Enquirer: 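Would you mind keeping the following structure in view while I ask a few things?
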Amino acid sequence: MAAIIDGKVISLAIKDELKKKVEELKEKGIQIHLAVIQVGENPASAVYVRNKKKGCEYIGIGSLSYELSEETKQEELLALIQELNEREDVNGILVQLPLPSHIDEDTVIQAIDPKKDVDGFHPQSVGALCISQPGFVSCTPAGVIQLLKRSGIEIEGKECVVLGRSNIVGKPMSILLLRENATVTIAHSRTKNLKEVTGRADILIAAVGRPKMITRDYVKEGAVVIDVGINRDENNKLCGDVDFDDVAPICSAITPVPGGVGPMTVAMLLYNCVESIGLRA
Ligand code: GUN
């Protein structure tokens with residue numbers, strides 16, 4: 001049976017480290033503030049936003065909350081971002097995605113000052129990541145790297161297969177693994193012989209958004225399996241992209257859903273908020 005990688009325990013360790021750093025910064029007269037913007041009432045987004053604000057409170061960061069109506073115009077949102085860009089006391093700006101369809105996400109992301117882009121979604125942050133320059137790294141993939149490292153799983157030289165090519169997870173995930181000297185393959189919906197490709201992985205990262213798609217016939221015996229998916233199954237129960245009960249008996253380590261990657265996203269967002277002090281200087 002596989003070792004269960006506990007994202008709750010690892011994220012708590014990170015948050016406790018950050019809490020100490022925030023206290024030290026406060027002693028130097030530096031207080032960090034994160035602005036969190038949600039447009040509309042997507043119930044999943046509301047849960048994520050609440051967890052992010054709770055995380056801020058836990059480590060001692062102030063959070064400014066903007067809950068805007070579904071009808072908010074793009075120009076109004078851009079004006080708010082501009083105001084927050086200019087505020088000295090705001091260190092990070094987070095616009096929860098998805099946005100209502102009348103608002104262009106790319107335009108909104110690009111309006112955020114890259115020095116406050118704690119989500120790591122701005123093209124400047126993504127470019128910096130690609131060429132190993134200082135900048136914010138997208139929270140979920142950064143969290144996966146921490147889960148692996150803090151579980152004592154070596155990445156260097158390993159065959160890593162990332163299943164999914166989104167801008168938020170798949171692409172930055174592959175670059176972070178490359179930075180750790182892994183051999184990286186990105187597989188996706190058009191990949192031929194998918195089981196053969198994923199079956200080569202020493203470390204398999206599933207980020208496709210299809211409930212329980214990854215069964216044991218996609219996985220090499222003894223592989224490490226990281227499940228980034230957050231889906232609902234046929235009984236409306238939270239589940240990942242991996243069929244946990246089927247895969248766990250044949251792999252060496254696996255993340256559960258919930259309690260795996262999810263809590264790490266919040267921990268790495270808080271890490272980026274603390275990091276913003278250094279990037280500003
Ligand atoms: N929607 C789903 N995941 C994320 C995230 O990490 N950041 C933001 N801003 N929106 C999201």
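Bear in mind the structure is a predicted one, so any value in this text is a computation, not a measurement. Counting convention: from 1, in listed order, for ligands and their atoms alike.
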Enquirer: With a 6.0 Å cut-off (strictly less than), is the heavy-atom count around NZ of K53, excluding the residue itself, greater than 12?
Expert: yes
Enquirer: Verify the neighbour count for atom OH of Y218: are there more than 12 heavy atoms of other residues, nucleotides or ligands below 6.0 Å?
Expert: yes
Enquirer: Hey, looking at atom 4 (C) of ligand 1, which of Q96, E105, M268, Q38 has the closest heavy atom?
Expert: Q96
Enquirer: Just how far is it from atom CD1 of I30 to atom CD1 of I32, taken to the nearest 0.5 Å?
Expert: 8.0 Å
Enquirer: Look up atom CZ in R87 and atom NZ in K116, then write down how far apart they are to the nearest 0.5 Å.
Expert: 8.5 Å
Enquirer: If you measure every N/O of P98 against every N/O of ligand 1, is any gap under 3.5 Å?
Expert: no
Enquirer: What's the spacing between C273 SG and L94 CG if we round to 0.5 Å?
Expert: 8.0 Å
Enquirer: Numbering the atoms of ligand 1 from 1, which are under 4.0 Å from a heavy atom of K52?
Expert: 5 (C), 7 (N), 8 (C)
Enquirer: Does an N or O from V95, backbone or side chain, lie closer than 3.5 Å to an N or O of ligand 1?
Expert: yes
Enquirer: Which option, V118, I37, L97, owns the non-hydrogen atom nearest atom 1 (N) of ligand 1?
Expert: L97
Enquirer: Among protein heavy atoms, which lies nearest atom 9 (N) of ligand 1, and at what distance?
Expert: D119 OD2, 2.6 Å
Enquirer: Would one find an N or O of T140, backbone or side chain, under 3.5 Å from an N or O of ligand 1?
Expert: no
Enquirer: Do any nitrogen or oxygen atoms of Y48 lie less than 3.5 angstrom from nitrogen or oxygen atoms of ligand 1?
Expert: no
Enquirer: Taking the side chain from D241 and the backbone from D227, do they hold a donor-acceptor pair closer than 3.5 Å?
Expert: no
